[in-house]
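Notes follow the structure.
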Amino acid sequence: MLDVQLLRNQLDDVIHRLQQRHFKFDVDRFTTLEQERKQVQMKTQELQSQRNSLSKEIGQAKAQRQEADHLMQQATLINEELDEASQKLTVIQKELEELLLGIPNLPHVSVPVGESADQNVEVRRVGTPKVFNFTPKDHVDLGEGLALMDFNRASLLSGARFSVLKGSLARLHRALTQFMLDTHTTEHGYQEAYVPYLVSANTLRGTGQLPKFEADLFKVPREEAEPLYLIPTAEVPLTNFVQDTIVDEQALPLRLTAHTPCFRSEAGSYGRDVRGLIRQHQFDKVELVQIVHPDKSYDALEELTSHAEAILQRLELPYRVMLLCTGDMGAGATKTYDLEVWLPGQNAYREISSCSNCEGYQARRMQARFRSQKNKPELVHTLNGSGVAVGRALVAILENHQNEDGSINIPKALQPYMGGISVLTMGK
RNA sequence: GGAGAGAUGGCCGAGUGGUCGAAGGCACUCCCCUGCUAAGGGAGCAUGCGGUCAAAAACUGCAUCGAGGGUUCGAAUCCCUCUCUCUCCGCCA
């Protein structure tokens, strides 16, 4: 959510920056609502003030055993007018809030202006794609060839976009999460967390998935309680650790990591990546979240991105870092780096991590603040990034470390987590 | 699932219809005293949203005592609904 003051005082600038990300802000509606709000709110408060002072007088009169009937009559009259005004105000404020909740964050000045992913800017490339002296297979052929990946079974169980992994491939999946968590906790200073996979609508509102992106979520209705939602990313529970709290300035930065499954209904993406593990309704991810002082959030973004990169480097996977353009960023972000890993099976770089600074956008929705020595509570800045997507990392390992016979070399960093196995072979 | 207790400011905790935004304490900030890793004295110290304003400061209004409704001229305080926490019982991984 943007600061309303910004909209009131620098409306033109805000409109301009929102246009860069193709958000058409309904200016007329806003200004009309804002004018009404001001007028009705002032009237409401004035009436409340009158009523309060009358009530006080009544109290004083009664204390002195004086008659106060005429004062009470006056108060009743004021209350009638007040009722009307405050009802009107409630409606206006609700409308304004809805409007505000739907506005995406403003892009940072360092973000390139662009229409779509085509205008994203490559920042750096790390590692060189291996040259194969045979035609590399994609991960589906490799996984099914090893008899360790079973999409038919998954679709019998649950339908499209689910997967079953078996044997040492399932173990590799587990090894990846352990390796990532251990690296982030022991080397990058993150605190590991175990979190709920089902969260409330309010929590999702805090991080920005609601109200706008309900269609992307799996919703779990309950008979006598509010529905819960399956988390689309651990960013949601982790970032909401500071929901409605004022943290001590000394406690910043908070660095949190968690491994969770992520659930996405991806309603709009049917037809894309139908084959394989790339786009699933359920996938695992190790997430990185930082809660930081506003002055430090851009440094933190670089740092957090490097933490995700470290994982790819240790797994000996070539990748590139993309700075997303205004048209391709998520709604809550002011600046985002995507890490794209090289996939020989697709002959392309594909997203495996997305690292964003959300500045105060989520913090304002969550009312997440910190208190410094002297000053009033101030909004924290929040950042999140995948560190990294486990399923896609698995895909990348299969495709990049494959041998001509279809076996897979396990990167050194993972071998301790695989009981010393260095090669994945048929059916094992 | 059954029975009971509770939810107040950063924390602890008082407050059962009217000068209560809320005593007291802790923590914190400033000042004084002391002269030593203590203690004492004084002052300040909730959050959100408005208004005056370019803005800040300042001043001022409104709201907020788990949430939402209700009663009343007036609600932290009375009534209803809900949520959460704790204790006991049951069930259970």
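Proteins come first, then strands; the chains are lettered A, B, ... in the order of their sequence lines, and each starts at number 1.
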Distance, [atom1] atom - from [M] to [N], rounded to whole angstrom:
N      : M      : atom1 : answer
B:rA27 : B:rC45 : C1'   : 11 Å
B:rG1  : B:rG17 : C1'   : 39 Å
B:rA14 : B:rG6  : P     : 12 Å
B:rG41 : B:rA5  : C1'   : 42 Å
B:rA23 : B:rG10 : P     : 14 Å
B:rG35 : B:rU19 : P     : 47 Å
B:rU71 : B:rC89 : P     : 43 Å
B:rC80 : B:rC86 : P     : 25 Å

With a 3.5 Å cut-off and no angle check, do the side chains of [X] and [Y] form a donor-acceptor pair?
X      : Y      : result
A:Q362 : A:E235 : yes
A:E303 : A:Q290 : yes
A:S356 : A:K335 : no

Specify whether A:Y190 and A:H188 have parallel, tilted or perpendicular ring planes, treating 30° as the upper limit for parallel and 60° as the lower limit for perpendicular.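 Perpendicular: the ring planes of A:Y190 and A:H188 meet at over 60°.
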
Indicate the ring-plane relationship of A:F179 and A:Y417, choosing parallel, tilted or perpendicular according to the 30° and 60° boundaries.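 Aromatic pair A:F179/A:Y417 classed perpendicular.
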
Tell me what A:I58 touches on the nucleic acid: a base, only sugar-phosphate, or nothing, going by heavy atoms under 4.0 Å. base

Counting only side-chain N and O atoms of [X], is one of them less than 4.0 Å from OP1 or OP2 of [N]?
X     : N      : result
A:S49 : B:rC62 : yes
A:N52 : B:rG18 : no
A:R51 : B:rA75 : no

Select from A:I246 and A:A75 the residue whose nearest nucleotide in RNA chain B is closer to the 5' end of that strand.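 Between the two, 5'-proximity favours A:I246.
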
In terms of side-chain heavy atoms of A:R369, which of B:rU47, B:rC62, B:rC73 is nearest? B:rU47

Heavy atoms from C-beta onward define the side chain here; which of B:rU19, B:rC73, B:rU47 lies closest to that of A:S55? B:rC73

What one-letter contact string describes nucleotides 50-58 of chain B from 5' to 3', where B marks a base within less than 4.0 Å of any protein heavy atom, S marks contact via sugar-phosphate atoms alone, and - marks no contact? SS---S---

Taking the six-membered ring for Trp, are A:Y361 and A:H381 closer than 6.0 Å centroid to centroid?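 No, they do not, as the ring centres are separated by 6.0 Å or more.
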
Check the surroundings of atom CZ in A:R153: do more than 12 heavy atoms from other residues, nucleotides or ligands lie under 6.0 Å from it?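 No, because the 6.0 Å sphere around CZ of A:R153 holds 12 heavy atoms or fewer from other groups.
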
Is atom NZ of A:K212 surrounded by more than 12 heavy atoms (other residues, nucleotides or ligands) closer than 6.0 Å? yes

Rounded to whole Å, please give me the gap between [atom1] in [X] and [atom2] in [N].
X      : N      : atom1 : atom2 : value
A:Q60  : B:rG17 : CD    : C1'   : 16 Å
A:Q250 : B:rA27 : CD    : C1'   : 13 Å
A:K56  : B:rA75 : NZ    : P     : 13 Å
A:L54  : B:rU72 : CG    : C1'   : 14 Å
A:D83  : B:rU71 : CG    : P     : 9 Å
A:K62  : B:rG18 : NZ    : C1'   : 10 Å
A:Q48  : B:rC73 : CD    : P     : 17 Å
A:Q73  : B:rU72 : CD    : C1'   : 16 Å

Taking Watson-Crick and G-U wobble pairs with both distances under 3.5 Å, convert RNA chain B into its dot-bracket string, 5' to 3', dots for unpaired and | for cross-strand pairs. ((((((((.[[[..)..(.....]]].(((((.......))))).(((((((.....))))))).[[[[[..)....]]]]])))))))....

Set of residues satisfying ring-ring contact (aromatic ring centres under 6.0 Å, His included) with respect to A:F218, sequence neighbours excluded: A:H281

Between the side chains of A:E187 and A:R314, is the shortest nitrogen-to-carboxylate-oxygen separation below 4.0 Å, so that they form an ion pair?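 Salt bridge between A:R314 and A:E187, a charged N being under 4.0 Å from a carboxylate O: yes.
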
Would you call A:R37 and A:E34 a salt bridge, taking side-chain N to carboxylate O under 4.0 Å as the test? yes

